Undergrad: 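First, the structure itself, so that you have it in front of you.
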Amino acid sequence: LEKMTDLVAVWEVALSDGVHKIEFEHGTTSGKRVVYVDGKEEIRKEWMFKLVGKETFTVGAAKTKATINIDAVGGFAYEYTLEINGKSLKKYMENRSKTTNTWILSLGGTDYRVVLEKDTMDVWCNGQKLETAGEFVEDGTETHFSVGDYSCCIKAVSSGKRKEGIIHTLIVDGREIPEAVE
């Protein structure tokens with residue numbers, strides 16, 4: 001079994017439904033290209049005579065578009081770059097940090113990753129989009145949902161500063177959960 005002998009790149013991509021692992025095999029003698037997403041084979045091509053090019057596939061529940069670019073960098077050396085939704089992984093993650101909030105928490109011995117998509121106010125937990133109930137309160141809005149047996153609320157209040165915009169805070173059973181940096 002010649003599993004993963006030509007592994008040339010591994011990326012971790014944090015999306016709303018979880019952190020996905022993308023692995024890429026490139027056989028520069030056989031011309032083989034294999035893309036794995038979370039350990040599952042998505043693309044397999046054998047005997048590609050052109051060693052440069054790109055492979056496009058989707059990642060995660062929202063079928064986010066991903067492209068691996070294969071470029072020659074002199075001689076028999078290759079560079080592999082990952083694009084998510086047409087942006088470099090770095091640019092995509094920088095933009096994502098502006099459009100989402102992520103909290104990592106442990107409740108009753110179980111780890112949860114809660115993600116708020118600020119543009120839609122969708123809330124994701126461990127890969128599932130949750131049912132939420134929003135309400136206006138005196139100083140902003142509250143988005144209520146449950147994680148396991150725990151009642152949760154994301155409070156959105158204005159920072160009072162235009163540059164900062166709205167501050168989102170996750171509260172679980174009356175406790176404020178600090179935001180995670182991914």
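Note that the structure is predicted; figures quoted are calculated from it, not measured. Counting begins at 1 with the first residue of the sequence. We use all heavy atoms of the structure for the numbers below, so side chains are in, but hydrogens, waters and symmetry mates are not.
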Undergrad: Tell me the closest heavy-atom pair linking Tyr112 and Gly148, and the distance in Å.
TA: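 Residues Tyr112 and Gly148, closest heavy atoms: OH-CA, 4.3 Å.
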Undergrad: Does Glu94 come within less than 4.0 Å of Lys90, counting only side-chain N to carboxylate O?
TA: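 Salt bridge: yes.
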Undergrad: Answer yes when Asp122 and Lys129 have at least one side-chain N-carboxylate O distance shorter than 4.0 Å, and no when they do not.
TA: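 Salt bridge flag = yes for Lys129 with Asp122.
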Undergrad: Please tell me whether Thr100 and Glu117 have a donor and an acceptor in their side chains that are separated by less than 3.5 angstrom.
TA: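 Thr100 vs Glu117: no donor-acceptor pair found between side chains.
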Undergrad: Where the side chain of Arg96 meets the backbone of Ala14, is there a donor-acceptor pair that is under 3.5 Å apart?
TA: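 Yes: the side chain of Arg96 pairs with the backbone of Ala14.
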Undergrad: Is there a donor-acceptor contact under 3.5 Å from the side chain of Asp17 to the main chain of Gly60?
TA: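 Pair absent, no side-chain N/O of Asp17 close to backbone of Gly60.
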Undergrad: Might you point out which heavy atoms bring Arg44 and Tyr36 nearest each other, and give the distance in Å?
TA: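 Answer, listing the atom of Arg44 first, then Tyr36: NH2-OH, 3.7 Å.
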Undergrad: Could you tell me if Glu135 and His144 have a donor-acceptor pair between their side chains, going purely by distance under 3.5 Å?
TA: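 There is such a pair (donor and acceptor under 3.5 Å, judged by atom type) between the side chains of His144 and Glu135.
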Undergrad: Return a table of donor-acceptor pairs under 3.5 angstrom between the side chains of residues 66-79 and protein atoms on other chains or two or more places apart.
TA:
residue: Thr67; atom: OG1; partner: Thr56; partner atom: OG1; Å: 3.1
residue: Asn69; atom: ND2; partner: Glu83; partner atom: OE2; Å: 3.1

Undergrad: Count the heavy atoms belonging to other residues, nucleotides or ligands that lie under 6.0 Å from NZ of Lys118, then report whether that count exceeds 12.
TA: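 Atom NZ in Lys118 is packed in, count exceeds 12.
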Undergrad: Are more than 12 heavy atoms, taken from residues, nucleotides or ligands other than Asp139, located less than 6.0 Å from that residue's CG atom?
TA: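 For Asp139, atom CG is crowded (more than 12 foreign heavy atoms under 6.0 Å).
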Undergrad: Run the side chain to side chain contact (heavy atoms under 4.5 Å, CB included) check on His26 and Thr28 step by step: do they pass?
TA: CA-CA 6 Å; His26 189 217; Thr28 52; 3.7 Å; yes
Undergrad: Salt bridge (charged side-chain N to carboxylate O under 4.0 Å, His left out): which pairs involve residues 104-113, sequence neighbours left out?
TA: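 Non-adjacent pairs meeting salt bridge (charged side-chain N to carboxylate O under 4.0 Å, His left out): Arg113-Glu182.
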Undergrad: Of all heavy-atom pairs between Arg33 and Lys54, which one has the smallest distance, and what is that distance?
TA: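 In this case the closest contact between Arg33 and Lys54 is NH1-O, 3.7 Å.
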Undergrad: On a heavy-atom basis, which atom in Cys125 and which in Val114 lie closest, and how many Å separate them?
TA: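 Heavy atoms only, the tightest pair is SG-CG2, 4.2 Å.
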Undergrad: For residues 151-160, which side-chain N or O atoms pair as donor and acceptor with protein atoms under 3.5 Å away, sequence neighbours left out?
TA:
residue: Lys155; atom: NZ; partner: Glu142; partner atom: OE2; Å: 3.1
residue: Ser158; atom: OG; partner: Gly160; partner atom: N; Å: 3.0
residue: Ser159; atom: OG; partner: Lys161; partner atom: N; Å: 3.1
residue: Ser159; atom: OG; partner: Lys161; partner atom: O; Å: 3.0
residue: Ser159; atom: OG; partner: Gly165; partner atom: N; Å: 3.4
residue: Ser159; atom: OG; partner: Gly165; partner atom: O; Å: 2.7

Undergrad: Taking atom CD of Glu131 as the centre, does the number of heavy atoms from other residues, nucleotides or ligands within less than 6.0 Å exceed 12?
TA: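 No, not enclosed.
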